[in-house]
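Sequence lines set the chain letters: A, B, ... in the order given, protein chains first and strands last, and positions in each chain run from 1.
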Protein chains: 2
Amino acid sequence: MELRDIEIFLTLAEELHFGRTAERLHVSQARVSQAISRQERRLGVALFDRTSRRVTLTPVGRRLREDLQQALDLLQQGLARAEAAGLGAGRTLRLGVFGHAGHELRPLTDAFRARYPGIDVKFGEINGGDAFTALRTGDHDVNVLWLPVAEPDLTVGPTVLTGGRVLAVSADHPLADRGTASLEDLADNHVVDLGPDAPDYWVASMVPTRTPSGRRIPRGPAARTFHEILSLVATGHCVHPLGEIAARYNTPPGIVFLPIHDAPTLQWALTWRSTNDSPTIRALAQTAADLGPISL
Amino acid sequence: MELRDIEIFLTLAEELHFGRTAERLHVSQARVSQAISRQERRLGVALFDRTSRRVTLTPVGRRLREDLQQALDLLQQGLARAEAAGLGAGRTLRLGVFGHAGHELRPLTDAFRARYPGIDVKFGEINGGDAFTALRTGDHDVNVLWLPVAEPDLTVGPTVLTGGRVLAVSADHPLADRGTASLEDLADNHVVDLGPDAPDYWVASMVPTRTPSGRRIPRGPAARTFHEILSLVATGHCVHPLGEIAARYNTPPGIVFLPIHDAPTLQWALTWRSTNDSPTIRALAQTAADLGPISL
DNA sequence: CATAGTTACGCGGTACGTAATTATG
DNA sequence: CATAATTACGTACCGCGTAACTATG
């Protein structure tokens, strides 16, 4: 009972036609016939009922098909993983994240390290002002960015995180005592300007230019990094919307994070430079896809 | 990448020694070396770190081992099932059960039919008085019996059901209104005698001869079948303990079933004549073992 | 230097193709 | 009778053994 025979069996179980099976596997029709009858002889059961006109699976064959399909998938998956680990062996995958998001991504990195033991994963920090640059310079292999990302040179992979948004305000700010915030509140305050390097549509998806009712939201002073933003907010001169994660592991002095109750949920997805595509990156994307997004 | 190579890889991963691996698989040591280095060349990763003195798995190898082991198990299991289905193909497995127990066993028979589509399963009825005879005459292949069964010619397989016990009493009986019964109550009543064909130890495990406190339990008139027992009980002259299943699908006129609160749980196991052992029976036992016992 | 893994090379079995044969709508 | 599965038979490749070689404690 060899692996090739199993492949032939599975293909025939799908095609239910000796000729097409032979074609698909690039072997002669005779070979398919031989392989099947050999298996049936070995097992002592008919796997297919066939005349020279019609081929159908027997109940035993149907059951065997399910079992073998599953086994073969596992087998090929395992080999593919080992190969991918080989192609990326010794490599370090640099993963860019905002703030402490790396901690929330541990289920992903743990699963990835288990699957591809040869590959090392390291986190790098990114900021709203330069979220794409490290990808383009090659300093990072993959960044975890909020969607939508629509850059011609970047590929967007599976979503790895989903979560709400918060508004960072000064502790003295009138909103601070309300405990929650609305997008409408933004129009009454300045928000931090993330600078010219980040594309407008992308910044706007986190820091909108208008409230849902259409009022303009004034852009205040500029800042690039997370801490720069927070120190501006702490002065009380402006407020700033952020992902929920920002609030989770930070309790900066003089700052309060208010959940924004009317903002749509954010999606954070793996993103990489298209020309930088590699088995290693594909492996990470596949692992993330298998795992599904983590909800905050 | 062939199946034999995978087997060699897995064995070496276990033994961590080329010589012993070769011995176990009845091949030359050279073959093991060739197989491993070929796989490593194909995959492009080292699977083992080795000197001529020590062999250890690399992280990639460790991971691959887990994946392949699982896949191979599935594969062999599937083939074994097909083979078993073949050996028993066309056969009918006669399964003896008390009363309606067959209905509770549907998860088992469904699973069995799914795994071994070639084999038919039929139920036959058995009674306390002759629970073993159908096995010995060959009329039944397997019986579902309460434990303990200690017969030299019978094999006891996995437990398929567990559940409590009930006491069948006449609706006029003083106990009937209590809604529950104790083993001590038996001493104040006659119980049905199951006749000489059933071994004493086995009958006693369902119908004890003494109460927990040591009082003798009088044996009353004899009956063999379930319905004979019930008609005796209906007269009010005796009571009788039964498995919980008996109460589940029977509402015989003039009879009340009272849960016996202080009796230990009953275990019902597959039992067959040792000389009658066959792949088909093994297949059923394996399916039952995989499924685990059903709790009533 | 003994033990254990690797490399070189040759034989035999089998995977597979070609071509003829049989069966079915 | 056309289409599709099976059987017959030959060949080339590869799985595997034997034996010589190399490395390590």
Nucleotide nearest B/Gln34 (side chain, heavy atoms from C-beta), chosen from D/dT6, C/dA8, C/dT24
C/dA8
Check the phosphate of C/dG5 against B/Arg54, side-chain N and O only, distance under 4.0 Å to OP1 or OP2. Yes or no?
no
Residue B/Ala30, side-chain atoms from C-beta onward, closest of C/dT3, C/dG5, D/dA19:
D/dA19
Take the C1' atoms of the five end pairs on each side of the helix from C/dC1-D/dG25 to C/dG25-D/dC1, derive the two axes, and give their angle rounded to 10 degrees.
40°
With the side chain defined as heavy atoms from C-beta on, B/His17 is closest, among D/dA4, C/dG5, D/dT6, to C/dG5
Can you tell me the distance, in whole Å, between the CD1 atom of B/Ile36 and the P atom of D/dC16?
13 Å
Checking contacts here: which listed nucleotide (D/dA4, D/dT18, C/dG17) is nearest the side-chain heavy atoms of A/Ser28?
C/dG17
Nucleotide nearest B/Arg4 when distance is taken to its side chain, options D/dC16, C/dT6, C/dA19:
D/dC16
Phosphate OP1/OP2 of D/dT6 contacted by A/Arg50 side-chain N/O (<4.0 Å)
yes
Looking only at side-chain N and O atoms, does A/Thr21 offer a donor or acceptor that is under 3.5 Å from a partner on A/Thr11?
no
Given D/dG25, D/dG15, C/dC16, the nucleotide with the shortest approach to the side chain of B/Arg31:
D/dG15
Considering only heavy side-chain atoms of A/Arg38, the closest of C/dG17, C/dA15, C/dT6 is C/dA15
